[in-house]
Amino acid sequence: MAHTTTSELAAVEEQPVWLEVNHQPTVTWMCTPDQLEELAVGWLHGEGYIGSLDDLHSLRPCATDLGFWAEVDAARVAAVAADDRRRVLPSGCGAVSVALADPETLRRATARGEPAPTETMRALFKELFHRGQRYHDTGGIHAAALTDGVTLHWHAEDVGRHNAVDKVIGAALMARRDPTGLGLLVTGRISAELAFKAVRAGVAWVATVSVPTTLATQIARRGGVTLVGRAVSGHPQQHRP
């Protein structure tokens, strides 16, 4: 009987990438090493260090290692440090250090917009998977994309579903496009952290082929974001604000 060698097995590249903010070590991602500038910008936005690209004074890559030095206003760093959020372990892939917001501390917001219709949603997810070269090669990677409900924008793949989301949000910010009101497609479970990133980015809805967690639905409900679980099934499940 033939045996499959290790070299023949499909594998997804994963490497550590670090970020320092104002000369202080801040986070190390275990991630797929592409679209790294987008990852850094999206993560900084999701954590509250920047509100737009204008708040990022500089982002310099290390010449000898996979890492970045970011410069932002000292007041923003102090605000993040003072933010009353519990430090927790993530419920899946993502940054090594994860901040999770208590839903009760979020400001209540009204719904930002309607999700795409079911048939449109299926077509958008079909395009999402079609664009996934690493998914086709390995079958073992997450993807995310922003959409206006008609077209996909800023598609990304990563071993971590949170990283993929940071990459597409970062790409939008780098293109000077405010993600407010857009939809977010993800291939994995919608966790509390992912829901919080969506609220911070201002997206109107998040859809997944999987399901959201209970804490994610609480965060999204307070933040005005509609969650759509099992989006390509015959019976999508909507969790509305």
Side-chain angles (χ1 to χ4, degrees), residues 41-55 76 79-80 83-86 88 90-92 94 98-118 120-121 124-125 128 144-154 156 161-162 164-173 175-231 236-241:
V41 172
W43 187 87
L44 287 166
H45 183 274
E47 292 295 308
Y49 288 98
I50 63 173
S52 71
L53 197 63
D54 293 331
D55 297 324
R76 281 194 169 268
V80 171
D83 198 358
D84 185 20
R85 291 185 287 169
R86 296 179 284 128
V88 299
S91 59
V98 179
L100 176 62
D102 180 348
E104 297 303 316
T105 67
L106 289 175
R107 181 183 302 173
R108 284 194 175 274
T110 57
R112 298 193 180 102
E114 289 292 314
T118 300
T120 302
M121 191 80 77
L124 290 170
F125 269 102
L128 178 72
L146 288 169
T147 178
D148 56 9
V150 178
T151 305
L152 294 190
H153 302 283
W154 304 294
R161 65 186 188 278
H162 302 150
V165 169
D166 283 335
K167 285 179 178 181
V168 295
I169 291 173
L173 294 171
R176 299 287 181 177
R177 174 65 185 268
D178 185 348
T180 297
L182 295 177
L184 174 65
L185 304 183
V186 297
T187 54
R189 179 181 65 252
I190 303 175
S191 65
E193 186 197 9
L194 198 154
F196 182 69
K197 288 177 184 292
V199 170
R200 178 89 76 176
V203 301
W205 51 273
V206 184
T208 178
V209 296
S210 182
V211 295
T213 67
T214 54
L215 187 54
T217 61
Q218 293 176 49
I219 291 171
R221 187 174 297 117
R222 287 188 67 93
V225 177
T226 296
L227 303 185
V228 184
R230 305 190 190 281
Q237 301 170 350
Q238 292 195 11
H239 304 265
R240 292 179 172 272

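All values below come from the heavy atoms of this structure, side chains included, with hydrogens, waters and symmetry mates left out. Just so we're clear, the structure is a prediction, and the values are computed from it rather than from any experiment.
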Shortest non-hydrogen contact between [X] and [Y], atoms and distance:
| X | Y | answer |
| --- | --- | --- |
| Pro212 | Gly229 | CD-CA, 4.2 Å |
| Thr213 | Ala192 | OG1-N, 3.7 Å |
| Asp148 | Thr151 | OD1-N, 2.8 Å |
| Ala145 | Leu152 | CB-CD2, 4.2 Å |
| Ala220 | Leu227 | CB-CG, 3.6 Å |
| Ala116 | Gly149 | CB-O, 4.3 Å |

Q) Backbone N or O of Gly48 within a donor-acceptor pair of the Arg76 side chain at under 3.5 Å? A)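 A pair under 3.5 Å: yes.
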Could you grab the distance from atom [atom1] of [X] to atom [atom2] of [Y], nearest 0.5 Å is fine?
| X | Y | atom1 | atom2 | answer |
| --- | --- | --- | --- | --- |
| Asp178 | Leu53 | CG | CG | 12.0 Å |
| Leu173 | Trp154 | CG | CH2 | 9.0 Å |
| Arg189 | Thr208 | CZ | OG1 | 9.5 Å |
| Thr147 | Leu124 | OG1 | CG | 4.5 Å |
| Lys167 | Leu146 | NZ | CG | 14.0 Å |
| Arg161 | Lys197 | CZ | NZ | 11.0 Å |

Q.
For Arg176, give me all partners under side chain to side chain donor-acceptor pair (under 3.5 Å), at least two apart in sequence or on another chain.
A.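 Expected list: Asp54.
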Are any non-hydrogen side-chain atoms of [X] and [Y] less than 4.5 angstrom apart?
| X | Y | answer |
| --- | --- | --- |
| Gln238 | Pro115 | yes |
| Leu185 | Trp205 | yes |
| Pro241 | Thr226 | yes |

Q. Partners of Arg221 by salt bridge (charged side-chain N to carboxylate O under 4.0 Å, His left out), sequence neighbours excluded?
A.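 Counting only residues at least two positions away or on another chain, Arg221 forms no salt bridge (charged side-chain N to carboxylate O under 4.0 Å, His left out).
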Q | Presence of salt bridge, Glu193 and Arg200, under 4.0 angstrom | A |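 The answer is no: the pair does not qualify as a salt bridge.
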